[in-house]
Amino acid sequence: MKALKGRDFISIADFTTEELEYILKTSALMKSRFYSGERVIPVLQGRTLLLIFQKPSTRTRISFEVAMRQLGGEAISLTWKEMQLGRGETIADTARVISRYVDAVAARVFSHEDLVELARHASIPVINALSNKEHPCQAVGDMLTIWEKKGRYSGLTISFVGDGGDNVLHSLLLIAVKLGNNVRVGTAKGYDPDPAIWKIAEEEAEKKNVTVEIVRSPEEAVRGVDVVYTDVWVSMGQESEAEKRIKDLTPFRVTGELMKLAKEDAIFMHCLPAKRGYEVTDEVMDGPHSVVWDQAENRLHTQKAILALLL
Ligand code: CP
Ligand code: NVA
C-alpha cells in the first residue's frame with residue numbers, strides 16, 4: 001500500500017480498496033478509543049489545519065475543527081471572501097503562501113477544478129471539504145456508519161434515490177463499489193451521475209463482481225435493498241434551477257411507503273442538511289430506520305483518521 005502520508009484527499013477515485021479499508025479501520029479505532037475515554041489522542045500536536053469555505057457548512061466545519069483539537073492540533077476556519085482570494089489573489093499564489101503557515105488545508109469550493117489547482121501549487125495535503133463533484137470525507141463517514149449498522153461494509157446493496165448528479169452520491173458510489181457493494185441509483189432523466197465518475201464506477205464494479213445501475217422508478221430503486229440514501233434536490237450553487245429540479249425530482253421523495261419496499265432492517269441515510277418534506281418526509285427522517293445522527297457523528301471520527309494518516 002502506498003503511504004497515505006503527504007497525499008491529497010480530493011477524490012475517492014484516487015484511493016485503492018486497501019487504502020480505503022485502512023482509513024475505515026483507523027476511523028473505527030479513533031471512535032472506540034474516544035468512547036473508552038481517550039478524548040484526546042495527541043498525534044498532531046503543534047500542527048494546524050486551515051479550512052477555507054466558499055459555501056456554508058455546519059457539520060464539516062465543526063467536525064474538522066473538533067477533530068484537530070481531539071488530535072492535539074489546531075484549526076483555522078476562513079471564508080473565501082475574507083481571504084484575499086475574494087479580491088482576486090490567485091489560487092496558486094494562495095497555495096504557495098498557506099503552505100508556509102499550515103500543515104494541511106481543507107477547502108469547500110464551487111468548482112472542483114479550483115481544488116485541483118490548489119493541490120497543484122500547495123506543498124501540503126489538500127482535502128476536499130465538498131466540491132460540486134465530490135464529497136469524499138462524507139463518503140468515508142457513511143461507510144463507517146454502514147459498517148456499524150450492518151456489521152460489514154461489503155456485499156450489500158445501496159440505493160440512492162433523488163438527484164443522480166449529486167456530489168455526495170458520486171463519492172458514495174465510488175467508495176461503495178470499491179468496497180464491493182452493489183449500487184442502484186433511482187433518478188429522473190437528465191439527472192444521471194457524472195459520466196466520468198460513472199465510468200470509473202462501472203470499471204470498478206466489474207473488477208469487484210458487483211453491479212451499478214440507474215433506474216427511473218423509485219420503487220425499483222429501493223426494492224430489497226440494505227441501505228436507502230438521499231440528499232437534497234437543490235445543492236448549494238443550484239438555487240437558480242430550484243423550481244425545475246423540485247418538479248422533476250418530486251417522484252423520488254423517500255416516504256414511509258417507499259421505505260417499506262426495502263429490506264425490513266434497511267437503514268435510511270442522509271448526509272444532511274435535509275430539506276424535510278422534499279427529498280425525505282419527517283416520518284422517515286425521525287423513524288426507526290433512520291441513522292442520520294450517527295452518520296453526522298461519524299464525520300468527526302473518520303476525519304480524525306484522515307487527518308492523522310495524511311499528516
Ligand atoms: N454533510 C455536510 O457536509 O454538512 P455541512 O454542509 O453542514 O458541512
Ligand atoms: N449536495 C449537497 C450536500 C451538502 C452537504 C450540496 O452540495 O449542497
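What you see below is based on every heavy atom in this structure, not just the backbone, and it leaves out hydrogens, waters and symmetry mates. Predicted model only: the values in this text are computed from it and were never measured. All ligand and atom numbering here is 1-based and tracks the order in the structure.
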Quiz item: So which bit of Leu130 gets within less than 4.0 Å of ligand 1, heavy atoms only: side chain, backbone, both or neither?
Solution: neither
Quiz item: Any idea which protein heavy atom is nearest atom 3 (C) of ligand 2, and the distance to it?
Solution: Asp231 OD2, 3.5 Å
Quiz item: Do any nitrogen or oxygen atoms of Lys55 lie less than 3.5 angstrom from nitrogen or oxygen atoms of ligand 2?
Solution: no
Quiz prompt | From CA spacing to verdict: side-chain contact (heavy atoms from CB on, under 4.5 Å), Arg253, Thr230 | solution = CA-CA 9 Å; Arg253 174 172 301 141; Thr230 193; over 6 Å; no
Quiz item: Are any of the side-chain nitrogens in Arg276 or Asp286 under 4.0 Å away from the carboxylate oxygens of its partner?
Solution: yes
Quiz item: Do the side-chain N and O atoms of Glu134 and Ser11 include a donor-acceptor pair separated by under 3.5 angstrom?
Solution: yes
Quiz item: Looking at ligand 2, does any of its N/O atoms fall within less than 3.5 Å of an N/O of Arg108?
Solution: no
Quiz item: Applying a strict 4.0 Å limit to heavy atoms, is Val234 in contact with ligand 2?
Solution: no
Quiz item: Looking only at heavy atoms, what is the nearest atom pair of Ile23 and Val140, with distance?
Solution: CG2-CG1, 3.8 Å
Self-check item: Leu272-ligand 1 polar pair, N/O distance under 3.5 Å
Solution: yes
Quiz item: Identify the closest protein heavy atom to atom 7 (O) of ligand 2: which residue and atom is it, and at what distance?
Solution: Asn167 ND2, 2.8 Å
Quiz item: Nearest protein heavy atom to atom 4 (C) of ligand 2, by residue and atom, and its distance?
Solution: Leu130 CD1, 3.7 Å
Practice problem: List every atom of ligand 2 that sits less than 4.0 Å from any heavy atom of Leu272, numbering the atoms from 1 in the order shown and giving each element. | Solution: 5 (C)
Quiz item: Looking only at side chains, do Tyr229 and Asp142 share a donor and an acceptor under 3.5 Å apart?
Solution: yes
Self-check item: Nearest neighbour in protein (non-hydrogen) for atom 6 (O) of ligand 1
Solution: Arg108 NH1, 2.8 Å
Practice problem: Identify, for atom 4 (O) of ligand 1, the protein heavy atom at the shortest distance, and state residue, atom and that distance. | Solution: Arg59 NE, 2.9 Å
Practice problem: Provide the number and element of each atom of ligand 1 under 4.0 Å from a heavy atom of Arg299. | Solution: 1 (N), 2 (C), 3 (O)
Quiz item: Is Glu241 close to Val234 at the side-chain level, that is, under 4.5 Å between some pair of heavy atoms?
Solution: no
Quiz item: Do Arg216 and Asp192 sit within salt-bridge range, that is, some charged N less than 4.0 Å from a carboxylate O?
Solution: yes
Exercise. Starting from atom 8 (O) of ligand 2, find the nearest protein heavy-atom neighbour and note its residue, name and distance.
Key: Met236 N, 2.8 Å
Quiz item: Does NZ or CZ of Lys275 fall inside the cone over Tyr278's six-membered ring, less than 6.0 Å from its centre and within 45° of the axis?
Solution: yes
Practice problem: Name the closest protein heavy atom to atom 7 (O) of ligand 1, giving the residue it belongs to and the distance to 0.1 Å. | Solution: Thr58 N, 2.7 Å
Quiz prompt | Mode of Asp166 contact toward ligand 2 - side chain, backbone, both, neither (heavy atoms, under 4.0 Å) | solution = side chain
Quiz item: Judging by distance only, is a nitrogen or oxygen of His135 under 3.5 angstrom from one on ligand 2?
Solution: no
Practice problem: I would like to know whether Asp265 and Lys150 meet salt bridge (charged side-chain N to carboxylate O under 4.0 Å, His left out); could you show each step before the answer? | Solution: CA-CA 9 Å; Asp265 64 350; Lys150 294 278 141 208; 3.6 Å; yes
Quiz item: Salt bridge check: are Asp248 and Lys189 linked by an N-O gap of less than 4.0 Å?
Solution: no
Practice problem: Can you sort out which atoms of ligand 1 are near Cys271, meaning under 4.0 Å from one of its heavy atoms? | Solution: 1 (N)
Self-check item: Numbered atoms of ligand 1 (with element) below 4.0 Å of His135, judged on heavy atoms
Solution: 2 (C), 3 (O)
Quiz prompt | Side chains of Glu148 and Tyr153, donor plus acceptor under 3.5 Å | solution = no
